[in-house]
> 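I have a structure here, written as structure tokens, and I will follow up with some questions on it.
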Amino acid sequence: MITVLKKGTTQAQMEHLIEWLKARNLDVHISHGHDYTILGLIGDTSKVDMELLSSLDIVESVQRVSGPYKQCNRQFHPEDTVISVGNAKIGGGNFCMIAGPCSVETEAQIIEVAQKVKQAGADILRGGAFKPRTSPYDFQGLGAEGIRLLLEAKKATGLPIVTEIMSVQYLDLFADIDIIQVGARNMQNFDLLKELGKTDKPILLKRGLANTLKEFLMSAEYIMSEGNQNVILCERGIRTFDTYARNTLDLTAVPVLHELSHLPVIVDPSHATGKVHLVPPMAMAAVACGADGVMVEVHNDPIHALCDGAQSLKPEQFAVLAEKMRTVRKAVTQ
Ligand code: PEP
Ligand code: MN
């Protein structure tokens with residue numbers, strides 16, 4: 001972190017500030033220029049309140065050299081993190097396809113979808129048991145019964161399972177779930193993130209509807225700072241002024257997150273677009289820009305789906321897309 005002092009700062013004022021910084025376990029490197037004095041702060045600056053420092057009378061400006069996120073920062077951990085669940089690997093050059101319905105509805109539905117997406121090459125099955133719906137009157141998911149049905153689908157196909165948690169009170173129900181998802185609406189539910197940080201389950205963290213990439217990484221940091229290093233970042237579109245699609249898919253996030261962090265980055269083109277015909281092109285674009293995986297909603301009978309039918313591919317459409325994604329992946333990695 002670099003702190004530029006204002007012209008005219010006295011020696012006594014500077015020493016007072018240095019004392020304050022050293023009390024925060026920082027070393028200070030002083031560099032005297034013609035007009036300005038610059039203090040280089042060395043050490044863990046993640047706990048320094050940048051706004052407070054900037055507001056001091058003698059401070060001209062403050063700039064971070066490294067992000068306030070440490071554990072997910074590539075600067076401190078250059079190698080890619082690879083997360084393994086069952087036979088699937090995410091990150092570090094491995095490509096992973098996650099597919100399944102928005103919500104688990106019946107045993108027959110989840111087993112049929114699981115078998116079909118597996119046949120098409122999916123590595124992981126998704127399905128919501130606890131659903132964060134915009135309206136309280138919409139289908140809220142089957143809850144504990146949904147988790148039980150997901151585990152039946154795992155038994156039938158061997159596919160690892162990812163499903164969303166909404167409240168820490170249900171954590172025990174997730175004991176046999178392979179990846180716990182934190183949805184966009186809970187990206188900054190810090191109590192939930194901290195509790196998940198105390199587990200050793202892989203966490204699929206979705207970007208909030210209106211959150212910056214820095215805020216996204218800070219949420220990953222909440223999980224990691226409690227000990228759990230198994231975090232997968234998921235770009236799922238953000239809210240912008242355009243209303244044609246459900247959200248605006250920010251694919252820039254993929255190379256940027258790869259640059260800033262060692263964590264795997266996947267893309268969800270289903271919630272990003274909300275329209276079934278937009279899912280395949282955006283899924284392929286995600287693969288082309290280097291995503292470590294794609295998560296797609298697939299339903300055996302989209303027109304009768306209890307949730308997100310308009311953005312759900314039929315299994316046969318997913319099979320075509322899966323083949324195309326493999327082709328794109330091959331083209332961009334060879
Ligand atoms: C989901 O994946 O089921 C979901 C609700 O997604 P998001 O949190 O991205 O809206
Ligand atoms: Mn959905």
Side-chain angles (χ1 to χ4, degrees), residues 96-105 109-110 113 117 122 124-136 138-143 146-147 149-150 161-167 170 174 177-189 192-193 196 202-211 213 215-216 219-220 223 231-240 245-251 253-254 257 265-276 278-279 282-283 286 291 293-314 318:
C96 169
M97 288 192 282
I98 305 175
C102 181
S103 309
V104 182
E105 297 169 6
Q109 172 240 18
I110 193 66
V113 175
V117 296
I124 297 174
L125 177 69
R126 66 148 286 146
F130 294 92
K131 294 304 305 174
R133 303 303 301 278
T134 302
S135 165
D138 286 341
F139 176 59
Q140 304 285 307
L142 297 179
I147 302 268
L149 296 180
L150 282 166
I161 304 291
V162 56
T163 192
E164 177 165 353
I165 193 165
M166 283 171 53
S167 163
Y170 297 117
F174 288 70
I177 293 299
D178 300 277
I179 303 178
I180 301 180
Q181 174 172 317
V182 175
R185 291 153 191 82
N186 272 315
M187 189 204 88
Q188 288 190 312
N189 182 340
L192 178 61
L193 299 178
L196 295 175
I203 309 297
L204 194 162
L205 178 65
K206 296 187 112 184
R207 182 181 182 181
L209 275 69
N211 285 108
L213 293 177
E215 287 164 344
F216 191 14
S219 288
I223 299 168
V231 180
I232 302 155
L233 302 169
C234 179
E235 163 61 38
R236 47 77 72 207
I238 48 172
R239 183 160 293 179
T240 66
R246 184 171 178 178
N247 290 288
T248 298
L249 180 54
D250 177 15
L251 282 182
V254 176
L257 291 170
V265 181
I266 69 162
V267 171
D268 171 350
S270 305
H271 292 89
T273 61
K275 295 185 179 182
V276 72
L278 298 178
V279 172
M282 298 322 290
V294 167
M295 179 158 81
V296 180
E297 283 189 343
V298 178
H299 197 286
N300 53 336
D301 185 12
I303 202 126
H304 294 112
L306 296 181
C307 182
D308 287 348
Q311 66 193 31
S312 298
L313 298 176
K314 290 184 185 148
F318 174 69

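Positions are given from 1 along the sequence. One-based numbering, in listed order, for ligands and for the atoms of each.
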> Side chains of F216 and L205: closer than 4.5 Å at any heavy-atom pair?
yes
> Atom 8 (O) of ligand 1: which protein heavy atom is closest, and how many Å away?
A184 N, 2.7 Å
> Does any N, O or S atom in H271 come within less than 2.8 Å of the Mn ion (ligand 2)?
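Under 2.8 Å: H271 contacts the Mn ion (ligand 2) through an N, O or S atom.
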> Which atoms of ligand 1 are found less than 4.0 Å from any heavy atom of G183?
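Going through ligand 1 atom by atom, the ones under 4.0 Å from G183 are 8 (O).
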> Do M166 and Q140 come close enough that some side-chain heavy atom pair is under 4.5 Å?
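Not touching, per the 4.5 Å side-chain cut-off.
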> Side-chain contact, heavy-atom cut-off 4.5 Å: L213 with R207?
yes
> So which heavy atom in the protein is nearest atom 6 (O) of ligand 1, and how far is it from that ligand atom?
K206 NZ, 2.9 Å
> With a 4.5 Å cut-off on side-chain heavy atoms, are I177 and I165 touching?
no
> How far is atom 5 (C) of ligand 1 from its nearest protein heavy atom, and which residue and atom is that?
E164 OE1, 3.7 Å
> If you have a sec, work out which protein heavy atom is nearest atom 4 (C) of ligand 1 and how many Å separate them, to one decimal?
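Minimum-distance protein heavy atom for atom 4 (C) of ligand 1 reads H271 NE2, 3.5 Å.
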> So is R207 touching ligand 1 or not, going by heavy atoms under 4.0 Å?
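It does not, in that no heavy atom of R207 comes within the 4.0 Å cut-off of ligand 1.
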> So, regarding R126 and ligand 1 (criterion: nitrogen or oxygen to nitrogen or oxygen, under 3.5 Å), is there a contact or not?
yes
> To check your reading of the site, what angle at the Mn ion (ligand 2) do OE2 of E297 and OD2 of D308 form, to 10°?
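Value, to the nearest 10 degrees: 130°.
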> Please state which protein non-hydrogen atom is closest to atom 9 (O) of ligand 1 and give its distance, to 0.1 Å?
R236 NE, 2.6 Å
> Do the side-chain N and O atoms of D308 and H299 include a donor-acceptor pair separated by under 3.5 angstrom?
no
> Is it true that H304 and E105 share a donor-acceptor pair across their side chains at a distance under 3.5 Å?
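Distance-only check fails for E105 and H304.
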> How close do A245 and A272 get, heavy atom to heavy atom, and via which atoms?
CB-O, 4.4 Å
